[in-house]
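Below you'll find the structure, written out as structure tokens, and then a few comments.
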Amino acid sequence: MVATEHILQELNPPQREAVTASAGPLLILAGPGSGKTRVIAHRIAYLVDREGVAPWRILAVTFTNKAAREMRGRVVAHLGDAALDVALGTFHSVCARLLRVEADRIGLPRSFAIYDDADQMALIKRVTEGLNIDPKRFSERAILSTISRAKSELVSPRAFAGSASDYFGELVARSYERYQALLEENSALDFDDLIVKTVEMLREHEAIREKYQERFLHVLVDEFQDTNVAQYQLARILAARHGNICVVGDPDQSIYSWRSADIRNILNFERDFPAARIVLLEQNYRSTQNILDAAHAVISGNQQRKQKSLWTERGGGEPIAVFEAYDETEEAEFIAREIARLLGEDGWAHRDFAVMYRTNAQSRAIEEALMRAGIRYQLVGGTRFYERREVKDVLAYLRLVHNPYDLVGLTRVLNVPGRGIGAKTAQQVERWAQTLGVPVYTALQILVAQESGSQPAGLPDAGRHPVAARQAKAIVEFVGLLDELMGVAAKNNLSTLLDGVLERTGYRRYLFDEFEDAEQRWENVEELRNVAADYDGLAPGNGLVSFLEDVALISDADTIADEGEAPSEGRVTLITLHSAKGLEYRAVFIIAMEEGVLPHVRSFDDPGQMEEERRLCYVGMTRAKERLYLLRAFRRYAMGSSQHNPPSRFLRDIPPQLIAQQSAVTEASERRYQAPAPRIDARPPVPEDAVFSGGEKVRHPRFGEGIVVACVVANGDQELTIAFKGEAGIKRLLLSLAPLERM
DNA sequence: CGCCGTACGGTTTTT
DNA sequence: CCGTACGGCG
């Protein structure tokens, strides 16, 4: 508690202002590395410690669950266990909790399922099928993303239909309505619904609204530039009673507009709260001046932005290293070598390094190189654990036990492991359910009743089911299996339930019968069981609910190993630029600085999206504390074939004097592609006849025949990277010293 | 009706 | 290169 005073001493004046601003709306515009996480944590501590606010009356919303955990850790460090009562989480997790608590009062099934991207896709497929929409003319993904955008802007199906002006709009309007109906039938909410339903709840139920408005004396929102309209409205409603809303963001780091994040929220905030106090945090505590200058040069290319001054006391630092490799293998090998080299120096640990890329698929080459070099790494995201088939199967059973109306889960495992209920039968049942106007699970129950010759109370009187005898028998068994598992769930902890699922379905045997890589898959199932065991302390029903909720709302950034691992245990981080937001590393490698990758080809025809690519690059660059490496490859393999990408426009925006060594890998080949990249002026002359270029065959007296894969011009010499055919492998040689012969 | 083989198409980012 | 869609066989 006494800590507060000396904490305030450590802060610079704007930070102190942000922490101690007493009441009312507050907008903090924070540059990268300005210590904003620290400031929010301090502010929470300050409110409790100095202003006497009860911790449970503070709501702080972060972007990822990991950020929430980190925030909680910081606040607990200041306040002790009292801080555990602060309401902390992502918008989605906070909403899920509120909806679960209020479910009965607002007529929402308490056991609603949460649908992720893949589940939504499965649902929208049914919608377009039902509406006879040709997926070749109108992609399901486009329809879904239009629906999602409407929901993030709090546009109801009815309102959307009213404003639809073209044919596509009509189709989406019809799909939207049907999609929502289907979600309801499944007792499911998608990610957007979590927010939308919460806003609706607060708008329509006065008692509930007043309860929470009264409770939350202070509302704080981090990463405000990445909130969508619905999320902003939610924060506004919650803060309306007391008017204490503090939002923190950086327009230059807005990288989620494709997920309907709306940068205009920042402008609207100033409009909605004219009395808002605005604090600028412009001092950077993270990066060296060179890194900051380079990043600034890149972000300055955006037209739509407010100029901002960023400064640091950290001095010049190392120049930015730009490396041009022959292909992605060499790019990766350069990184592995550089990391190995720095690890050999004093004070560097694995966790000091991160390799960042635009798309998940790019991690592959890096992984291979690090593996070959024996460098430990952790891959963030990629083929995510919870997206693996075997994990999804087991989860689907758990979801069904929790909510048997979940049609997506049901169709997933109806015939997994195979029990003779094929697609045809599933379709028959679904059609039948539709004509009866009941959920598929209810139809299955009726079928079971009919098979046993009875008609239990509470189920609609229906015509005879359309399923053939053999398949009907299999369905009876399947429904029996679910019943049995629900019985297990009611009385046992989560891992017992999961064991029950595996045992009764014979899932292990199924894996080993059907898959080559069954070992690996079974390991994943066991890993899932380990996670589930963490919930065994909870009451039977609660364990399952919390587990499913956490699984649905977990993000890949949440899986990053926390600090606290022994230094020797650290790992190099491989991460997408998007996921890297909010993180920092001593050394950062950004790969594939190429036109078409970063900026991504999909942004070429839209200036707005191009600006977002630039911000993405800026986010990546500003993750670096001490060293920043920007890499590109002359050729890159993607989807089987090789392609050539010109250097990224963002590279050209960086002043040459900030760049250490301009590596020139494939000059000769490069010229053929007329790449106009600016070169460092003071490049020392190299004797013309001595210049080797990529692809040339050479002979070395000791290493034998090889191919030049890269050459770097430096200090009047050339450093050649040569792949030799024999034992020697890949070597780096100086032109002036190596007795090389052109072949 | 279900299962297994081959051809083809589509590929950003994620709470 | 990977997963899905379709066609023939048991």
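Numbers restart at 1 for each chain; the letters A, B, ... are given by sequence-line order, proteins then strands.
Contact annotation for A:E612: no contact, since no heavy-atom pair falls under 4.0 Å across all strands. Within the nucleic acid shown, A:Q428 comes within 4.0 Å of sugar-phosphate atoms alone, with no base atom in reach, counting heavy atoms only. Within the 4.0 angstrom heavy-atom criterion, no nucleotide atom of any strand lies near A:D116. Nucleic acid contact for A:F63: sugar-phosphate only, since backbone atoms but no base atoms lie under 4.0 Å from a heavy atom of the residue. If you check every strand for non-hydrogen atoms under 4.0 Å, A:I255 touches nothing.
Within the 4.0 Å cut-off from OP1 or OP2 of B:dT15, not a single side-chain nitrogen or oxygen of A:N65 is found. Taking only side-chain nitrogens and oxygens, A:S93 never comes nearer than 4.0 Å to OP1 or OP2 of B:dT15. Considering only side-chain N and O atoms, A:T425 lies nowhere under 4.0 angstrom from the phosphate OP1 or OP2 of B:dC1.
Side-chain N/O atoms of A:E223 and A:Q225 include a donor and acceptor closer than 3.5 Å.
With sequence neighbours left out, A:A122 forms a side chain to side chain contact (heavy atoms under 4.5 Å, CB included) with A:V408. For the salt bridge (Lys or Arg N to Asp or Glu O under 4.0 Å) test, residues two or more places apart in sequence or in another chain that qualify with A:E595 are A:R649.
If A:S603 and A:G418 are placed on DNA chain B by their nearest nucleotide, the residue sitting closer to the 5' end is A:G418.
Scanning DNA chain B for stems, defined as runs of 3 or more consecutive Watson-Crick or G-U wobble pairs whose donor-acceptor distances all fall under 3.5 Å, gives the following ranges: B:1-9 with C:2-10.
Proximity of the aromatic rings of A:Y507 and A:Y397 is defined here by a centroid distance below 6.0 angstrom, and this criterion is not met. If you look at A:Y618 and A:F650, their ring centroids are not closer than 6.0 Å.
For the pairing with A:Y115, the side-chain contact (heavy atoms from CB on, under 4.5 Å) check across A:D406, A:D192, A:L194, A:D193 returns one residue only, A:D406.
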